[in-house]
S.K.: 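Take a look at the following structure, please.
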Amino acid sequence: MKSLTKEKMCAFYASDYHFEMISLPYISKSIDENKKVIILTENNLEETVNTLISRMNLKTDKQKKILALDWNNNNLEKFKEISKNSKENKEMIIFIKGKENYIDNVNKNIEKWVKDSEKIKTIDCYEFFEVENQIDSIAEKYDKILGTSRE
């Protein structure tokens, strides 16, 4: 089955802070390009992202925009937002962060909530220590890999 999303990326992280350090430059750029950014996460990240943002040299308005993203794991609301944005044909960047099973389930649900969208880019973010023996086989399934310095 062909994915409905226009591009699939992945990333590998060692901790919540590491995930945030990898994703924040990409999130910041996406916000500048007026793309909707949605973070589907297995665990709440609000506390760690607040700590990290407070230590970064970002303009106040950029900090507010990043912190305004929902960093908690309330997936139902986020799936509703994905569906609405898809119907409105808005460009979206969706980060899916968690264990391999969580990522698979979330991707299946996105396919259910979104009937047709070429304007969605998903970035599946795997916990390094869970998949360290499978990194090569996982990476082969993706168009690009997001790292700390770039795609």
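Throughout, residue positions are numbered sequentially from 1 according to the sequence presented.
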S.K.: Which atoms form the tightest heavy-atom contact between Trp71 and Ile66, and what is the distance?
M.R.: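 Where Trp71 meets Ile66 most closely, the heavy atoms are NE1-O, 2.9 Å.
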
S.K.: Atom CG of residue position Asp32 - does it have more than 12 heavy atoms of other residues, nucleotides or ligands inside 6.0 Å?
M.R.: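 Enclosed.
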
S.K.: Let's go through Lys90 and Asn34 carefully: what are the C-alpha distance in whole Å and the side-chain angles of both, what is the deciding distance for side chain to side chain donor-acceptor pair (under 3.5 Å) to 0.1 Å, and is it a yes or a no?
M.R.: CA-CA 9 Å; Lys90 293 183 179 175; Asn34 290 318; over 6 Å; no

S.K.: Does CD in Glu33 sit with more than 12 non-hydrogen atoms of other residues, nucleotides or ligands closer than 6.0 Å?
M.R.: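 Yes, CD of Glu33 has more than 12 neighbouring heavy atoms, counting only those of other groups under 6.0 Å.
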
S.K.: Please report the interatomic distance CD1(Ile145) to CG(Asp124), rounded to the nearest 0.5 Å.
M.R.: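 Reported to 0.5 Å precision, the distance equals 12.0 Å.
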
S.K.: Check this for me: Lys62, atom NZ, are more than 12 non-hydrogen atoms of other residues, nucleotides or ligands nearer than 6.0 Å?
M.R.: yes

S.K.: Does atom NZ of Lys36 have more than 12 heavy-atom neighbours, drawn from other residues, nucleotides or ligands, at distances under 6.0 Å?
M.R.: no

S.K.: Can Glu81 and Asp70 be said to form a side chain to side chain contact (heavy atoms under 4.5 Å, CB included), step by step?
M.R.: CA-CA 11 Å; Glu81 183 180 354; Asp70 188 345; 6.0 Å; no

S.K.: Quick one: CE on Met9 to OH on Tyr142, what's the gap to the nearest 0.5 Å?
M.R.: 11.0 Å

S.K.: Checking side chain to side chain contact (heavy atoms under 4.5 Å, CB included) for the pair Asn85/Ile38: CA distance, chi angles, key distance, verdict?
M.R.: CA-CA 11 Å; Asn85 288 332; Ile38 298 170; 3.9 Å; yes

S.K.: Between the side chains of Asn73 and Tyr102, is a donor N or O closer than 3.5 angstrom to an acceptor N or O?
M.R.: no

S.K.: To the closest 0.5 Å, what do you measure between NZ (Lys121) and NZ (Lys144)?
M.R.: 5.5 Å

S.K.: Taking everything shown except Glu46 itself, do over 12 heavy atoms lie less than 6.0 Å from its CD?
M.R.: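 For Glu46, atom CD is not crowded (no more than 12 foreign heavy atoms under 6.0 Å).
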
S.K.: So how far is it from Lys64 NZ to Ile53 CD1, rounded to the nearest 0.5 Å?
M.R.: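 The distance works out to 13.5 Å.
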
S.K.: Mind listing the closest non-hydrogen atom pair of Cys125 and Ile103 along with its distance?
M.R.: O-CD1, 3.3 Å

S.K.: To the nearest 0.5 Å, what is the distance between CD1 (Ile27) and NZ (Lys65)?
M.R.: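 One gets 14.0 Å once the value is rounded to the nearest 0.5 Å.
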
S.K.: Could you check if a side-chain atom of Leu69 sits within less than 4.5 angstrom of a side-chain atom of Val49, using non-hydrogen atoms only?
M.R.: no

S.K.: So, for Ala139 and Cys10, which heavy atoms are closest and what is the spacing to 0.1 Å?
M.R.: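 In this case the closest contact between Ala139 and Cys10 is CA-SG, 4.3 Å.
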
S.K.: Using side-chain heavy atoms (C-beta onward) and a distance below 4.5 Å, is Ile123 in contact with Tyr26?
M.R.: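 Sidechains of Tyr26 and Ile123: in contact.
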
S.K.: So does Glu77 pair up with Lys80, basic N to acidic O under 4.0 Å?
M.R.: yes

S.K.: Run the numbers on Leu146 and Phe95 for side chain to side chain contact (heavy atoms under 4.5 Å, CB included), then give the verdict.
M.R.: CA-CA 11 Å; Leu146 183 65; Phe95 285 86; 4.0 Å; yes

S.K.: If you take all heavy atoms of Tyr17 and Leu52, which pair is closest and at what distance?
M.R.: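 Tyr17 and Leu52 have their closest heavy atoms at O-CD2, 4.3 Å.
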
S.K.: Out of curiosity, Ile94 CD1 to Phe79 CZ, how far, rounded to the nearest 0.5 Å?
M.R.: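 One gets 8.5 Å once the value is rounded to the nearest 0.5 Å.
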
S.K.: Determine the minimum heavy-atom distance between Lys78 and Thr41, stating which atoms define it.
M.R.: NZ-CG2, 4.4 Å

S.K.: Apply side chain to side chain contact (heavy atoms under 4.5 Å, CB included) to residues Glu130 and Glu100 and explain how you reach the verdict.
M.R.: CA-CA 8 Å; Glu130 182 201 8; Glu100 191 172 9; 3.8 Å; yes

